[in-house]
Amino acid sequence: MTFKHNFKKVLSATAFAAALVVAPAANVSAATNDASSTQQSATATSQDQQASQDQAASQSSAANQSSSTSTSSATSTSTVKKVAKKTKKTSKKKAVKKVAKKKATKKAKKTSKKSTKKTTKAATAAVTASADQSQATDQQDDAAKKAAEAAAKKAAAAKKAAAKKAAAKKKAAAKKKAAAKKAAAKKKAAAKKKAAKKSAEKAAKYWIAMRESGGYYTARNGSCYGRYQLLISYLGGDLSKKNQERTADRYVYGRYGSWVNAKRFWLAHNWY
C-alpha cells in the first residue's frame, strides 16, 4: 500500500513535470525546484513508513523509488531544457521571420513607391510627349493646310491670269484677223477699183482713138498724126506705135488727169 501510494506520488510528480513542458520558459526552473522538493518529501515519508515494517524492503523500495524519481526528474529536466531551447529557438525564428517580414514589407512598400513614382513619371513623360506630338501634329496639319490654301490660291491666280492672257490673246487674234480681213477687203476693193479704173481708162483711151483716127497709127490730118491725132511736134520725130502710146498718155494725164476725164471733155467739146 505504501509503495503504491508512493508510486502515485511519483506519477503526480511526473505529471507535474509534464505540465511544466507547456509552461513558459521563464517559470520552468521554479517549477522544477518545487517538483524536486515534493518528490524528496514524499521519498522521506515513504522511507520512514517502510522502515517500521521492513527496513530492508523499505530501503530497497526507497532505493528503487529514489532511482525512479531521479530518473523521472532527470528526464523531466532534460525535456524542459529541450522544450525551453526549442521554444527559444522557435521564438528566435519567429522574431527573425518577423523582422524579415517587416523588412520585406518595408522593401516592398519602398519598391512599390519607387515603382509607382517611376510609373507616374513615365506616364507624365508619355502624356507630355503625346501632348507635344499632338501639338506638333496640329502645327504640321495647320502648316499643310496653309500651304494647300496658298497653293490653291496661287493655282487660282495662275488660272485666272492664264484665262485673262488667253482671252487677251484671243481678242488680239480676232482683232488682228478682223484688221487683216478689213485690209484684205480694202486691198481687194482698191485692186477692184484700180482694175475698174484701169478698165475705164483703157475703154476711154480706146474710145478716143476710135473717134480720132479709127484706131490707125498712120492716120494723118494736117499737122496731127497717128492713132490719137497728136501734133507731130509732140512726137519729136518718132512716129512709132510705142512712142505714140507713151506721148498720148503723157499728154492726157498732164492735161486732164485721166482718159476718162479726156473722154468727158471730148464729149463736151468734140475734141480733147
Side-chain angles (χ1 to χ4, degrees), residues 133-272:
Q133 187 175 1
S134 178
Q135 188 176 1
T137 304
D138 292 341
Q139 289 178 353
Q140 288 178 357
D141 291 341
D142 291 340
K145 190 176 180 181
K146 286 181 180 179
E149 288 177 354
K153 193 174 181 181
K154 189 176 180 180
K159 189 177 180 180
K160 189 176 180 181
K164 191 175 180 180
K165 188 177 181 180
K169 192 175 181 180
K170 189 176 181 180
K171 189 176 180 180
K175 191 175 181 181
K176 188 177 180 180
K177 188 177 181 180
K181 190 176 181 180
K182 189 176 180 180
K186 191 176 180 180
K187 188 177 180 180
K188 188 177 181 181
K192 190 176 181 181
K193 188 177 180 180
K194 187 178 180 180
K197 186 178 179 181
K198 188 176 181 180
S199 180
E201 286 290 298
K202 189 177 181 179
K205 186 179 182 180
Y206 178 79
W207 186 89
I208 290 174
M210 293 305 291
R211 293 295 182 276
E212 291 292 329
S213 65
Y216 292 102
Y217 285 99
T218 58
R220 187 167 185 167
N221 184 16
S223 58
C224 295
Y225 182 84
R227 183 181 174 88
Y228 301 101
Q229 290 297 295
L230 298 172
L231 293 172
I232 294 176
S233 59
Y234 287 173
L235 295 173
D238 186 2
L239 302 178
S240 64
K241 293 180 180 180
K242 190 176 181 179
N243 190 47
Q244 286 184 42
E245 292 289 339
R246 184 168 55 245
T247 302
D249 286 338
R250 186 167 60 247
Y251 169 75
V252 169
Y253 285 113
R255 183 167 182 169
Y256 301 105
S258 66
W259 284 99
V260 173
N261 290 338
K263 179 184 177 183
R264 192 178 293 117
F265 185 85
W266 198 101
L267 288 171
H269 301 89
N270 207 23
W271 63 276
Y272 75 102

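Bear in mind that the values here come from a model prediction, so they are computed numbers and not experimental data.
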Contacts of Tyr217 that satisfy ring-ring contact (aromatic ring centres under 6.0 Å, His included) - sequence neighbours left out = none
Name all residues meeting the ring-ring contact (aromatic ring centres under 6.0 Å, His included) criterion together with Tyr225; count only those two or more places apart in sequence or in a different chain, and write none if there are none.
-> none
Those residues at least two apart in sequence (or on a different chain) that pass side chain to side chain contact (heavy atoms under 4.5 Å, CB included) with Asn261 are Tyr256, Ser258, Arg264
Side chain to side chain contact (heavy atoms under 4.5 Å, CB included) partners for Lys169, two or more places apart = none
Is there a side-chain contact between Tyr228 and Tyr251 (heavy atoms, below 4.5 Å)?
-> no
Arg220 side chain reached by Ile232 side chain, heavy atoms, under 4.5 Å = yes
Distance-minimising heavy-atom pair for Asn243 and Leu235 = ND2-O, 2.9 Å
Heavy atoms of Ser213 and Ala219 approach each other most closely as CB-CB, 3.6 Å
Ignoring hydrogens and geometry, is there a side-chain-to-backbone donor-acceptor pair from Asn221 to Gln229 under 3.5 Å?
-> no
Does the Gln244 side chain pair with the main chain of Leu239, one donor and one acceptor, at a distance under 3.5 Å?
-> yes
Just list the side-chain donor-acceptor pairs under 3.5 Å for residues 144-161, sequence neighbours left out, or say none.
none

In Å and rounded to the nearest 0.5 Å, what is the SG to CG distance from Cys224 to Leu231?
-> 5.0 Å
Identify all side-chain donor-acceptor contacts of residues 194-209 below 3.5 Å with residues at least two apart in sequence or on another chain.
from: Glu201; atom 1: OE1; to: Tyr253; atom 2: OH; distance (Å): 2.8
from: Glu201; atom 1: OE1; to: Trp259; atom 2: N; distance (Å): 2.8
from: Glu201; atom 1: OE2; to: Trp259; atom 2: N; distance (Å): 3.3
from: Glu201; atom 1: OE2; to: Val260; atom 2: N; distance (Å): 3.3
from: Lys205; atom 1: NZ; to: Glu245; atom 2: OE1; distance (Å): 2.6
from: Lys205; atom 1: NZ; to: Asp249; atom 2: OD1; distance (Å): 3.0
from: Lys205; atom 1: NZ; to: Asp249; atom 2: OD2; distance (Å): 3.3

Do the side-chain N and O atoms of Glu212 and Trp266 include a donor-acceptor pair separated by under 3.5 angstrom?
-> yes
